[in-house]
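Model, not experiment: these values are computed from the prediction.
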Amino acid sequence: MATPRTISGPCQAWPEDSAFIREVLDRIGDKWSVLTISTLGGEPLRYSDLQASIPGISQRMLTVTLKALERDGLITRTAYPEVPPRVEYALTGLGRSLVDAVMTLAGWAATHHEEVATSRRDHELTGVGREKSARAV
């Protein structure tokens, strides 16, 4: 007779909503969203200033990220009727409620990037938890 499984972790608290929760976590946990939210944490920014503040983000990825964050209610896009046109992006109250969490996540990555890089190098050589045989080297 099979032993019943023990279900642990946060998913057990909301099984009927878990698919949507995973979708939201995917949005707010992706690198460009984390960097966009944390960058907008200080003040509203124009598109070009936002792009310049996030090294490595392409114009396409910034546009896709901004549209998704706006759709999810985390940022607002305000177009001013000026010549030339001016558009600013700002966090909503919901978006501001994420700033501490994403800054903690980004800070963790900055603090531990060398350890992760070392682990990756070690894994390339031996694999985690195993050693390569003399024949494989």
Problem - Co-membership, hydrophobic cluster, residues Trp32 and Leu25, 4.5 Å side-chain - result: yes

Fill in the blank from the handout: In short, Gln51 meets Ile57 closest at the heavy-atom pair NE2-O, 3.7 Å

Problem - Point-to-point distance, once rounded to the nearest 0.5 Å, from OG of Ser48 to CD of Gln59 - result: 10.5 Å

Completion exercise
Rounded to the nearest 0.5 angstrom, the CG-CD1 distance for Leu98 and Ile28 is 5.0 Å

Problem - Flag, side chain of His113 to backbone of Ala110, donor-acceptor distance under 3.5 Å - result: yes

Exercise for the section: Please report the shortest heavy-atom distance between Tyr80 and Glu88, naming the atom on each side. Expected result: OH-OE1, 3.4 Å

Practice task
Please report the shortest heavy-atom distance between Ser53 and Thr39, naming the atom on each side.
Solution key: CB-CG2, 3.6 Å

Handout entry: Hydrophobic cluster membership, Leu69 vs Val87, 4.5 Å side-chain cutoff
Key = yes

Handout entry: Linked hydrophobic residues, Trp108 as query - side chain contacts closer than 4.5 Å
Key = Val116

Problem - Inter-residue atom distance Thr65.OG1 - Lys67.NZ, 0.5 Å rounding - result: 11.5 Å

Practice task
Please round to the nearest 0.5 Å and tell me the distance separating atom CD1 of Ile54 and atom CG of Leu35.
Solution key: 6.0 Å

Handout entry: Gap between atom CG of Asp72 and atom CD of Glu70 - 0.5 Å precision
Key = 10.5 Å

Practice task
May I ask whether Leu105 and Met103 are part of the same hydrophobic cluster, defined by side-chain heavy atoms of I, L, V, M, F, W, Y residues being less than 4.5 angstrom apart, directly or through others?
Solution key: yes

Problem - Matching residue for Ile75 among Leu94, Ile37, Leu66 - test: side-chain contact (heavy atoms from CB on, under 4.5 Å) - result: Leu66

Handout entry: Residue pair Arg121 / Thr118, side-chain donor-acceptor N/O under 3.5 Å
Key = yes

Handout entry: Heavy-atom closest contact (Arg46 atom, Pro85 atom, distance)
Key = NH2-O, 3.7 Å

Practice task
Indicate whether the side chain of Tyr89 and that of Thr36 have a donor and an acceptor atom separated by less than 3.5 Å.
Solution key: no

Handout entry: From CG (Leu74) to CZ (Arg96), nearest 0.5 Å
Key = 11.5 Å

